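Since the structure comes first, as structure tokens, the remarks are kept for the end.
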Amino acid sequence: MPQDFAPRILTWFDQHGRHDLPWQRDTSPYRVWVSEIMLQQTQVTTVIPFYQRFMAAFPGVADLAAAPQDQVLHLWTGLGYYARARNLHQAARQVCEQLGGEFPADVEGLMALPGIGRSTAGAIVSIAHGERAAILDGNVKRVLARYHAVPGWPGTTAVHKTLWEIAERYTPAERCADYTQGMMDLGATLCTRSSPQCPRCPLAADCAAHAMGRETDFPGKKPKKTLPVRRTRFLMLRDGDGRAWLEKRPPQGIWGGLWCFPEGEDLDPTHWCLDTIGRAPDAIETWPGFRHSFSHYHLDIEPILVELGNSPGLVMEANRQLWYNVRQPPAIGLAAPIAGLLQQLAHQDLAKE
DNA sequence: AACGCGGGGTA
DNA sequence: TACCCAGCGTT
């Protein structure tokens with residue numbers, strides 16, 4: 001272990017790191033926390049506009065705690081992994097109701113909040129409080145796995161443990177916030193997955209993977225398995241005013257808490273209408289199918305437009321169902337494919353004028 | 001089409 | 001402890 005590991009990161013960070021990210025302007029625990037949750041599974045360039053909208057709507061933890069869940073999920077629409085938003089909202093409520101509105105200042109306390117694990121807690125402690133705490137996000141894993149040529153996939157307990165030990169050892173007491181940001185920047189901008197720019201890297205001189213010319217062999221790859229394919233139909237019910245019928249999904253499971261078209265593998269539009277509103281639809285139009293992929297399966301979606309005309313006869317259960325007006329979209333959470341289809345409906349609506 | 005990304009939940 | 005679950009953007 002070289003003594004100058006952290007100093008090399010810090011010198012590089014001062015010269016080449018990112019210093020103008022929105023969450024670096026004011027590093028309060030709340031702002032750092034929201035940014036870290038958004039940055040889980042999501043790259044910086046994607047996160048920036050979401051972060052800015054979120055902060056404009058909820059400048060402080062009390063604003064978030066007081067917001068309706070639909071608004072929180074609305075601002076998360078398109079980011080994915082919606083459990084992050086539900087946990088964020090729940091944690092904000094806990095901070096306000098049980099902790100007097102103050103975030104815990106230590107890793108243990110932070111980890112007691114939903115959605116905060118060891119790495120996210122470390123990021124908040126180091127960046128917001130300036131205290132020594134290690135992180136191990138995907139970027140840092142890649143940098144350390146290459147630097148030490150740690151074999152194996154970090155998803156296994158053994159490799160994960162090894163990387164955490166290395167991360168803890170290198171984390172300095174001084175300038176811990178800059179070190180943390182520097183490691184993430186290094187992984188995100190130089191030590192990238194497929195084409196690392198080793199000539200510019202402050203660690204290249206004694207990087208084990210670089211010495212072997214096998215940078216992209218580390219970290220080891222996740223064992224691949226073929227994903228199952230499932231299919232479903234979306235019934236896009238439209239009333240005479242061009243509004244679409246949506247139903248709120250249960251809080252658990254896929255797209256939890258988001259709004260969706262009536263959906264099912266073998267839904268038949270005519271049968272559905274007869275069963276639900278007692279008459280057949282005015283018109284049915286099958287749209288081109290498309291595939292939406294999750295981490296654990298592919299979903300082949302068949303969208304079917306079902307025209308109900310005036311007085312559709314659907315009874316709304318408050319908070320569970322709504323007519324979505326494409327001209328005045330309500331602030332609700334939508335999964336990406338639903339948002340895309342509603343966008344197309346809005347386009348059609350506009351073209352009719 | 002494959003890949004990568006932190007954390008929660010469950011057996 | 002070892003899986004399974006979750007949704008995008010990038011390559």
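All values derive from a computational prediction rather than experimental measurement. Letters go in sequence order (proteins before strands), and every chain restarts at 1.
Residue contacts shown for A/L258 are absent, as no nucleic acid heavy atom lies under 4.0 Å away. Heavy atoms of A/I116 sit under 4.0 angstrom from primed sugar atoms or phosphate atoms, though from no base atom. Backbone-only engagement by A/Q40 is indicated by non-hydrogen atom pairs under 4.0 Å involving sugar-phosphate atoms exclusively. Among the heavy atoms of the strands, none lies under 4.0 Å from A/N139. Among the atoms of the strands shown, base atoms are found under 4.0 Å from some heavy atom of A/S293. Across all strands shown, A/G256 has no heavy atoms under 4.0 Å from either base or sugar-phosphate atoms.
To the nearest 0.5 angstrom, A/L314 atom CG is 4.5 Å from A/W245 atom CH2.
Under the 3.5 Å distance criterion, the side-chain polar atoms of A/W23 are left unmatched by any main-chain donor or acceptor of A/T27.
We find that CG of A/L110 is positioned 11 Å from P of B/dG7, with the value rounded to whole Å. A straight line from CZ of A/R118 to C1' of B/dG6 spans 13 Å, rounded to a whole angstrom. B/dG6 atom C1' lies 11 Å from atom CG of A/N87, rounded to whole Å. Rounded to whole Å, atom C1' of C/dC5 lies 8 Å from atom OH of A/Y81. Rounded to whole angstrom, the span from the CD atom of A/Q94 across to the C1' atom of B/dG8 amounts to 14 Å. Spacing between atom CG of A/L88 and atom P of B/dG6 amounts to 16 Å, rounded to whole angstrom units. As a whole-Å value, the separation of A/F294 CZ from C/dG9 C1' is 15 Å. For A/L163 and B/dG4, the CG to C1' distance is 15 Å, given to the nearest whole Å.
Using a 4.0 Å cut-off between charged side-chain N and carboxylate O, A/R146 and A/E215 make no salt bridge. Under a 4.0 Å N-O distance rule, the pair A/R142/A/D137 does not qualify as a salt bridge. Checked for salt-bridge contact, A/R249 and A/E263 meet the test: a charged N lies under 4.0 Å from a carboxylate O.
Of the candidate nucleotides C/dG7, B/dG6, B/dG8, B/dG6 has the atom nearest to the side chain of A/S119. Distances from the side chain of A/A335 to the nucleotides C/dC8, B/dG8, C/dG7 place C/dC8 closest. Listed candidates were C/dG7, B/dG7, C/dT10. Nearest to the side chain of A/T120 is B/dG7.
Dashed line: the shortest gap from a side-chain N or O of A/S295 to OP1 or OP2 of B/dC5 is not under 4.0 Å. A/Y82 has a side-chain polar atom (N or O) that falls below the 4.0 Å cut-off from OP1 or OP2 of C/dC8. An OP1 or OP2 oxygen of B/dC5 is reached within less than 4.0 angstrom by a side-chain nitrogen or oxygen of A/R142. Close to B/dA1, at under 4.0 Å from its OP1 or OP2, lies no side-chain N or O of A/H298.
Tested against A/L258 for a side-chain contact (heavy atoms from CB on, under 4.5 Å), the candidates A/D70, A/L73, A/T77, A/L246 yield a single pass: A/L73.
Side chain to side chain, A/R18 and A/T189 fail the donor-acceptor criterion of an N or O pair below 3.5 Å.
Between A/H292 and A/F294, the ring-plane angle classifies as perpendicular under the 30° and 60° cut-offs.
The ring pair (Phe, Tyr, Trp, His ring centres under 6.0 Å) analysis of residues 201-233 of chain A, with sequence neighbours excluded, yields no pairs.
When each of A/T157 and A/G253 is assigned the nucleotide of DNA chain C bearing its nearest heavy atom, the one mapping closer to the 5' terminus is A/T157. Closest-nucleotide positions on DNA chain B for A/G115 and A/T42 were compared, and the one nearer the 5' end corresponds to A/T42.
C/dG7 and B/dT10 are spaced 16 Å apart, taking the P atom of each and rounding to whole Å. For the P atom pair drawn from B/dG7 and C/dT10, the interatomic distance equals 22 Å after rounding to whole Å. If you take atom P in C/dT11 and the same atom in B/dG6, they sit 16 Å apart, rounded to whole Å.
Applying a 4.0 Å cut-off to non-hydrogen atoms, the residues of residues 188-199 of chain A that approach DNA chain C are A/R193, A/S194, listed by residue number.
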